[in-house]
*Asks:* 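Below are the structure tokens for one structure; questions will follow.
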Amino acid sequence: MDVEYKGKDTIIHNLKDFDLGQTMECGQCFHFQKIDDDEYGMSAYGKFLHAAQKDDKMYLFDTTKEEFEKIWCHYFDLDRDYGEIKSFLLKEDEKLREAVEKMWGVRILNQEFFETLISFIISQNKQIPHIKQIVARISHDYGKYQGSVGGIDFYGFPTPQQLSQADIDALRECKTGFRAPYIYNAVEFVNNEIIKEENLRKCGVDECREQLMKIKGVGMKVANCVSLFGLGYREAFPVDVWIKRIMQSLYFDGEEHSNAEIESYGVEHFGKYGGYAQQYLFYYGKSEKIGLKNKTN
DNA sequence: CGCCAGGGCACCG
DNA sequence: CGGTGCCATGGC
């Protein structure tokens, strides 16, 4: 990977194991909009980014060197060697190969803790387009305007302080439904420092999940997603309906198993890279509708 | 129209 | 503890 700063733009050359579209659309992140093929607007860390990919080059428009080095390089996980991750995962597992090869350009984004926490509380029992809609609405109502592209305005996800301005009814106005008190509870936990990001990052994934699950509305699946996507625990293996389907289909001969059984199999089988395996499998299984009863393909 | 969605909780035995 | 119904809202 080589980085060029040209005028107001940053251009990354010789990208490996990275596809912008796959990385945005794979279901880990909800704060972005597709502008065109391989072209996206997104928001993270209080900044707005307009990015486009062509072959092994990515253009970050109107981005300074400092911003790239401080935010986007880390956000896209560009410092990590995904070749090593893939060979580790595929070394003794042929069942994973097709998922990794089809979803070859997925990287696990390093997202902000608070936004990840609230976003995945929202995600329960919802489809991705609607989660995106709610995240955009909360950002619009409580966050700061950051910029616009393709006629779409982007607002930063509110800080814990900003979101504390919303009471439960106001959160319901954002179409969060029965999750409104959950979000309210989570905001209180963060603002009252009942949970602290700094501590969650260093206490280990088991303790981290346990603390997150003290929040009403955060169960095992959401706690795993927050640990993986928002706190850097790459060994976390969240099990949702899709992972359940594809794991049962690939590793359990189609037999029914509990989420807990599937998670402990994933943790043991994929080890320190469980989160990556999970994401390849999730995106692949969902795209191919693997394990779904009324298959359309 | 009915079903299900990147679930979790309360309540039941 | 393992199973079941319910929770708001929208996409298909």
Side-chain angles (χ1 to χ4, degrees), chain A residues 22-32 34 99 103 106 108-109 111 115-138 141 166-186 189 209-231 233-234 236-250 255-264 266 274-297:
Chain A
Q22 288 183 354
T23 297
M24 300 318 292
E25 306 282 359
C26 73
Q28 60 179 322
C29 163
F30 310 106
H31 205 158
F32 69 92
K34 183 173 179 174
M103 303 313 177
V106 168
I108 303 280
L109 298 170
Q111 301 182 64
E115 173 167 350
T116 310
L117 173 62
I118 303 301
S119 298
F120 278 93
I121 289 174
I122 293 166
S123 79
Q124 60 182 264
N125 226 65
K126 279 216 161 300
Q127 300 178 105
I128 291 169
H130 195 216
I131 303 166
K132 287 177 63 180
Q133 221 171 291
I134 295 172
V135 168
R137 172 70 186 267
I138 289 178
D141 286 9
D167 60 20
I168 295 183
D169 281 337
L171 290 168
R172 281 212 180 87
E173 300 266 314
C174 299
K175 309 298 179 190
T176 54
F178 63 86
R179 306 158 194 79
Y182 298 166
I183 298 168
Y184 188 82
N185 186 226
F189 264 62
R209 268 191 310 245
E210 200 173 305
Q211 287 198 35
L212 289 171
M213 282 164 58
K214 288 191 212 154
I215 301 168
K216 192 170 173 179
V218 177
M220 191 55 116
K221 191 270 174 183
V222 170
N224 267 319
C225 284
V226 177
S227 300
L228 172 58
F229 301 127
L231 292 166
Y233 288 107
R234 300 303 220 249
F237 192 84
V239 178
D240 72 317
V241 289
W242 284 106
I243 285 294
K244 184 176 162 71
R245 284 176 195 141
I246 187 167
M247 289 291 286
Q248 284 174 176
S249 161
L250 281 183
E255 293 166 20
E256 183 71 21
H257 285 266
S258 74
N259 286 19
E261 284 177 295
I262 291 170
E263 184 185 339
S264 56
Y276 302 99
Q278 190 271 359
Q279 202 54 31
Y280 289 125
L281 286 169
F282 172 81
Y283 192 25
Y284 170 70
K286 196 161 116 64
S287 315
E288 310 274 324
K289 303 185 191 313
I290 289 174
L292 208 62
K293 282 168 190 160
N294 300 330
K295 260 200 227 186
T296 52
N297 55 346

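Sequence lines set the chain letters: A, B, ... in the order given, protein chains first and strands last, and positions in each chain run from 1. Hydrogens, waters and symmetry mates are skipped; everything else that's a heavy atom, side chains included, is used.
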*Asks:* In Å and rounded to the nearest 0.5 Å, what is the OG to CG distance from A/Ser227 to A/Leu117?
*Replies:* 10.0 Å
*Asks:* At under 4.0 Å, does any side-chain N or O of A/Gln127 touch on OP1 or OP2 of C/dT9?
*Replies:* no
*Asks:* Is the distance from OP1 or OP2 of B/dA10 to the nearest side-chain N or O of A/Lys216 less than 4.0 Å?
*Replies:* yes
*Asks:* What interatomic distance, in whole Å, is found between P of B/dC11 and the corresponding atom of C/dA8?
*Replies:* 15 Å
*Asks:* Can you check whether A/Arg245 has a side-chain N or O nearer than 4.0 Å to OP1 or OP2 of B/dA5?
*Replies:* yes
*Asks:* Send over the distance from A/Leu292 CG to B/dG6 P, rounded to a whole Å.
*Replies:* 11 Å
*Asks:* P atom, C/dG5 versus B/dG6: distance in rounded Å?
*Replies:* 22 Å
*Asks:* I need the CZ-P distance between A/Phe282 and B/dA5, as an integer number of Å.
*Replies:* 11 Å
*Asks:* Is the backbone N or O of A/Gly217 less than 3.5 Å from a side-chain atom of A/Arg179, with the two atoms forming a donor-acceptor pair by type?
*Replies:* no
*Asks:* Could you run through DNA chain C and flag its stems, i.e. three or more consecutive Watson-Crick or G-U pairs with both distances under 3.5 Å?
*Replies:* B:2-5 with C:9-12, B:7-13 with C:1-7
*Asks:* A/Gly217 near the nucleic acid: base, sugar-phosphate alone, or nothing, with a heavy-atom cut-off under 4.0 Å?
*Replies:* sugar-phosphate
*Asks:* Can you list, by residue number, the residues of residues 167-177 of chain A that have a non-hydrogen atom closer than 4.0 angstrom to DNA chain B?
*Replies:* none
*Asks:* Scan A/Phe229 against the nucleic acid and name what it touches under 4.0 Å (heavy atoms): base, sugar-phosphate only, or nothing.
*Replies:* base
*Asks:* Nearest whole Å is fine: how far is C/dA8 P from A/Asn125 CG?
*Replies:* 12 Å
*Asks:* Just by modelled atom types, is the A/Glu115 backbone N or O under 3.5 Å from a matching donor or acceptor in the A/Ser119 side chain?
*Replies:* yes
*Asks:* Here's a test of your reading of the structure: between A/Pro129 and A/Met213, which maps to the more 5' nucleotide of DNA chain B?
*Replies:* A/Pro129
*Asks:* Toward the 5' end of DNA chain C, which comes first, A/His130 or A/Tyr182, by nearest nucleotide?
*Replies:* A/Tyr182
*Asks:* Determine the minimum heavy-atom distance between A/Val222 and A/Phe120, stating which atoms define it.
*Replies:* CG2-O, 3.3 Å
*Asks:* What nucleic acid atoms does A/Pro238 come within less than 4.0 Å of, heavy atoms only: base, sugar-phosphate, or nothing?
*Replies:* base
*Asks:* Is there a side-chain contact between A/Tyr233 and A/Arg209 (heavy atoms, below 4.5 Å)?
*Replies:* no
*Asks:* Which whole number of Å gives the distance between the P atom of B/dG2 and that of C/dC6?
*Replies:* 16 Å
*Asks:* Can you measure A/Ile134 atom CD1 to C/dG10 atom P for me and round it to whole angstrom units?
*Replies:* 8 Å
*Asks:* Specify the closest pair of heavy atoms between A/Ala99 and A/Leu281, including all atoms of both residues, with the distance to one decimal.
*Replies:* CB-CD2, 4.2 Å
*Asks:* Measure across A/Leu171 and A/Thr176 and return the closest heavy-atom pair with its distance rounded to 0.1 Å.
*Replies:* O-OG1, 2.7 Å
*Asks:* Taking the side chain from A/Gln278 and the backbone from A/Ile243, do they hold a donor-acceptor pair closer than 3.5 Å?
*Replies:* no
*Asks:* What is the distance, rounded to the nearest whole Å, between atom CG of A/Asp240 and atom C1' of B/dG8?
*Replies:* 14 Å
*Asks:* Which heavy atom of A/Gln28 sits nearest to which heavy atom of A/Thr23, and what is that distance?
*Replies:* NE2-O, 3.0 Å
*Asks:* Do the side chain of A/Gln133 and the base of C/dG11 come within less than 3.5 angstrom through a donor-acceptor pair of N or O atoms?
*Replies:* no
*Asks:* Would you call A/Leu292 and A/Trp242 a side-chain contact if the rule is heavy atoms closer than 4.5 Å?
*Replies:* yes
*Asks:* Give a yes or no answer on whether the side chain of A/Lys244 reaches the backbone of A/His257 with a donor-acceptor pair at less than 3.5 Å.
*Replies:* yes
*Asks:* Considering only the P atoms, how many Å lie between C/dT4 and B/dC4, rounded to the nearest integer?
*Replies:* 15 Å
*Asks:* What is the distance, rounded to the nearest whole Å, between atom CZ of A/Phe237 and atom P of B/dG6?
*Replies:* 17 Å
*Asks:* Using whole Å, what does the distance between atom P of nucleotide C/dT9 and atom NZ of A/Lys126 come to?
*Replies:* 8 Å
*Asks:* Can you tell me the distance, in whole Å, between the CZ atom of A/Phe178 and the P atom of C/dG10?
*Replies:* 13 Å
